[in-house]
Amino acid sequence: MKRYLYLSAFIGVIAAFPASAHHSTTMFDHAKSVTIMGTVKEVHWTNPHVAIYIYGTSGEVKEPTLWLMEMTSPGNLVRAGGWSRTAVKPGDKVTVDFSPLRDGKRGGALKKITIAETGKLYTADIRAQERANLEEQPAK
């Protein structure tokens, strides 16, 4: 019986490694911040991560380019302050601050997004999701 218990524990530990690696944010350069302005193309409000596609321009890229903004889960975004499935919609004009991908591709970890029409700001700092009172943190 002990042998089966040890084997079950070992399998449980091995199975946990891929799940923890999946949630790494090392592909983003959190020391940098990039701002783009553009129009929301798509919003994927799904687990395990919400994604927003934006046609936008930055200081470096003057032609509108498709950017992929990655975030945490829908549940974490709701708890982060004010997010909902319809908070950001296709067609919205937005300004986005994010940590870029280290490989230079057009995308990153969304820190905050501001809807141009309403001025409404939503934050989605992946690294800060567990901090208390996230919505009250000053914008960087």
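At least one donor-acceptor pair under 3.5 Å links the side chain of W83 to the backbone N or O of T123. When atom types are taken as modelled, the side chain of D92 and the backbone of V94 share no donor-acceptor pair closer than 3.5 angstrom. A donor-acceptor pair under 3.5 Å is formed between the side chain of T65 and the backbone N or O of E63.
In this structure, P90 and V43 approach most closely via the heavy-atom pair CD-CG2, 4.4 Å. Nearest heavy-atom pair, S58 versus V34, reported as atom, atom and distance to 0.1 Å: CB-CG1, 4.5 Å. When all heavy atoms are compared, the tightest approach of N47 to P74 is OD1-CD, 3.0 Å.
The CZ atom of R85 sits 8.5 Å away from the OG1 atom of T46 when rounded to the nearest 0.5 Å. One finds the OG1 atom of T72 at 6.0 Å from the CG atom of L77 (value rounded to the nearest 0.5 Å). Atom NZ in K41 sits 8.0 Å away from atom OH in Y53 (nearest 0.5 Å). Atoms CZ and CE, on R102 and M27 in that order, are 10.5 Å from each other to the nearest 0.5 Å. The line from CD1 of I113 to CD1 of I52 is 4.5 Å long, rounded to the nearest 0.5 Å.
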Passes side chain to side chain contact (heavy atoms under 4.5 Å, CB included), I36 versus M69? Steps please. CA-CA 11 Å; I36 62 169; M69 296 297 122; 4.2 Å; yes
For the pair T39 and K93, evaluate side-chain hydrogen bond (donor to acceptor under 3.5 Å, both in side chains) and give the outcome as yes or no after the intermediate values. CA-CA 4 Å; T39 304; K93 304 281 187 222; 3.0 Å; yes
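Counting heavy-atom neighbours within 6.0 Å of K32 NZ, excluding the residue itself, gives a total of 12 or less.
Using a cut-off of 4.0 Å between Lys/Arg side-chain N and Asp/Glu carboxylate O, K111 and D97 are scored as not salt-bridged.
In this structure, the ring of W67 has its center no less than 6.0 angstrom from the ring center of Y55.
Cluster annotation: L110 is not connected to L68 through the hydrophobic network of ILVMFWY side chains, with a link wherever side-chain heavy atoms come within less than 4.5 Å. Hydrophobic clustering of Ile, Leu, Val, Met, Phe, Trp and Tyr side chains at less than 4.5 Å, counting indirect connections, keeps Y122 apart from M37. Clustering ILVMFWY residues whenever any of their side-chain heavy atoms sit less than 4.5 angstrom apart, transitively, puts M71 in a cluster other than the one holding L66.
Side-chain contact check for D29 versus S99: every heavy-atom pair is 4.5 Å or farther apart.
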